[in-house]
Trainee: 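Could you have a look at this structure, given as structure tokens, before my questions?
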There are 2 protein chains.
Amino acid sequence: MPWDKQFDIDVALDKAKEVFWTHGYEATSMEMLLRAMGINRGSFYDTFKSKRDVLIRSLRRYDTDNRASAIRAAAAGYPPREAITAVFRSMIDGSRGPLGRLGCFLVNSALEVAPQDEEVSLIVREGLRDVERFFADLVRAGQEQGQIPQHIDPTDMGRTLMSQLVGLMVLLRSQAPKATLESVVSQVSRLLT
Amino acid sequence: MPWDKQFDIDVALDKAKEVFWTHGYEATSMEMLLRAMGINRGSFYDTFKSKRDVLIRSLRRYDTDNRASAIRAAAAGYPPREAITAVFRSMIDGSRGPLGRLGCFLVNSALEVAPQDEEVSLIVREGLRDVERFFADLVRAGQEQGQIPQHIDPTDMGRTLMSQLVGLMVLLRSQAPKATLESVVSQVSRLLT
DNA sequence: TCTTGTCTGGAACGTTTATTCCAGACAAAG
DNA sequence: CTTTGTCTGGAATAAACGTTCCAGACAAGA
């Protein structure tokens with residue numbers, strides 16, 4: 001007779017996400033994963049296909065629940081131009097939280113795993129494209145409201161802001177000095193003139 | 001009686017550098033390293049302390065011979081303002097070379113190894129600081145020659161350009177579309193007005 | 001109470017890992 | 001020719017790796 005699993009798959013995946021985000025894929029052993037997820041290898045292989053399967057699913061969860069949510073939450077409630085700066089600022093403020101300076105799991109994976117894994121590469125490209133579009137949309141909205149000059153090309157600017165955000169995430173994980181991070185954010189405002 | 005080694009340490013380290021740069025540290029096995037370096041494990045452990053030792057030494061070589069040289073070579077022969085753009089453009093052009101879109105070994109290591117290895121972290125921070133200063137110096141030189149407005153703070157701008165370059169290196173390794181890369185470069189010019 | 005099916009805990013497996021150790025080749029000095 | 005020291009090729013080692021398999025516990029239905 002069917003007996004329910006004693007663990008929640010989503011909770012387990014979130015735990016896995018944190019371990020992969022902190023240590024990377026290769027440097028995370030099955031022991032570390034099982035301990036973090038709070039399940040044993042029988043349940044693990046009964047529920048998930050493989051270690052890589054868990055990486056893929058955690059990365060997807062990260063992209064939806066962390067990256068995509070974070071930039072939208074940070075921008076909410078601000079006029080477009082301020083929203084852009086708020087996104088950058090929130091990344092610095094967020095680095096003071098319990099997860100500290102982990103940087104961006106997506107960007108980490110872009111460099112470590114994506115070059116050798118097409119599925120991971122696709123998740124990364126789609127995530128970065130979403131960031132790019134998100135910023136481009138904010139630039140257009142800012143132009144409509146007269147906050148951002150018309151000569152700025154929204155598509156170009158969306159790409160540049162995405163690239164700048166990616167750079168900032170690397171600096172965060174690299175423990176760059178606070179002043180460096182603040183400089184980057186302050187220059188974002190200048191870019192929008 | 002002393003017999004000379006049959007291999008050149010620097011050549012071997014450069015081979016090791018390419019393997020670590022392509023695959024990362026953890027995903028590079030000793031087998032891969034030995035094959036690339038063209039030596040066997042007896043010679044390896046006689047010459048180097050460990051796999052990590054070789055990573056550290058390759059990373060130092062990369063920072064000197066690749067990163068630091070590349071930005072200076074790209075800037076050479078241009079007035080300061082054009083030199084800045086030339087550095088960015090050279091990264092895109094360089095991605096068409098035999099090493100293709102490997103990105104930046106330093107940035108890769110910043111995300112994969114540096115968080116868990118203080119010595120790697122130090123190499124990364126010093127490398128990024130050198131890029132920052134390099135750009136700041138170019139900005140000052142541009143201001144002295146009347147090419148870059150006086151209201152731009154060289155230190156802030158140096159940091160921002162460094163961050164933008166780091167972002168670009170991530171996009172390169174992520175196989176971002178050419179148009180995206182071009183947008184980033186074109187916006188660099190705008191940043192200097 | 002018995003049967004059936006699913007769960008957990010963890011042993012076992014086959015492979016891979018980084019590092020240590022060893023045998024034979026080689027060269028120079030005595 | 002012998003001795004000594006260093007080299008290369010690669011076997012061996014001990015541990016770790018990701019995945020498979022197994023025994024006992026548990027719950028529901030007959």
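In what follows, chains are A, B, ... by sequence order, proteins preceding strands, each numbered from 1.
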Trainee: Please check if any side-chain donor atom of A:S121 sits under 3.5 Å from a side-chain acceptor atom of B:Q175, or the reverse.
Mentor: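 No.
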
Trainee: Starting from C1' on C:dT20, measure out to NZ on B:K49 and report it in whole angstrom.
Mentor: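 Value for this atom pair: 17 Å.
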
Trainee: Take atom CG of B:N40 and atom C1' of C:dT19, then tell me their distance rounded to the nearest Å.
Mentor: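 Distance, rounded to whole Å: 13 Å.
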
Trainee: Could you check whether B:F7 gets within reach of a base, just the sugar-phosphate, or nothing at all, counting any heavy atom under 4.0 Å?
Mentor: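 Counting heavy atoms under 4.0 Å across all strands, the contact made by B:F7 is with sugar-phosphate only.
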
Trainee: Without decimals, in angstroms, what is the distance between A:I39 CD1 and C:dG10 P?
Mentor: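 So the two atoms are 14 Å apart, to the nearest Å.
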
Trainee: I'd like to compare against my own output: the B/S/- annotation of nucleotides 13-18 of chain D with a strict under-4.0 Å heavy-atom distance to protein.
Mentor: ----SB

Trainee: Testing the basics here: between B:I152 and B:L191, what is the closest heavy-atom pair and its distance to 0.1 Å?
Mentor: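 B:I152 and B:L191 have their closest heavy atoms at CD1-O, 3.8 Å.
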
Trainee: Can you pull out every ring-ring contact (aromatic ring centres under 6.0 Å, His included) where at least one residue sits in residues 31-67 of chain B? Sequence neighbours excluded, please.
Mentor: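 Applying ring-ring contact (aromatic ring centres under 6.0 Å, His included) to every pair that reaches into residues 31-67 of chain B, excluding sequence neighbours, yields B:W21-B:Y62, B:F44-B:F48, B:Y62-B:F105.
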
Trainee: Give the rounded distance in Å between these two atoms: CZ of B:R35 and P of D:dT8.
Mentor: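 Atom CZ in B:R35 sits about 19 Å away from atom P in D:dT8.
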
Trainee: If we count only N and O atoms by modelled type, under 3.5 Å, do the side chains of A:Q143 and A:R140 hold a donor and an acceptor together?
Mentor: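 A:R140 and A:Q143 do not have a side-chain donor-acceptor pair below 3.5 Å.
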
Trainee: Atom CE of A:M37 and atom P of C:dC7: how far apart are they, to the nearest Å?
Mentor: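 Answer to the nearest Å: 15 Å.
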
Trainee: Looking only at non-hydrogen atoms, find the nearest pair between B:L181 and B:L172 and report the distance.
Mentor: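 Looking at all heavy atoms of both residues, the closest pair is CD1-CD2, 3.7 Å.
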
Trainee: Rounded to whole angstroms, how far apart are CZ on B:F44 and P on C:dT19?
Mentor: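 It is 7 Å, rounded to the nearest whole Å.
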
Trainee: Do the side chain of A:T64 and the main chain of A:R61 share a donor and acceptor less than 3.5 angstrom apart?
Mentor: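 Not at all, since once roles are kept as given, no pair shorter than 3.5 Å links the two residues.
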
Trainee: OP1 or OP2 of D:dT8 sitting under 4.0 Å from any side-chain N/O of B:S43?
Mentor: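 It does, given that an N or O in the side chain of B:S43 lies less than 4.0 Å from OP1 or OP2 of D:dT8.
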
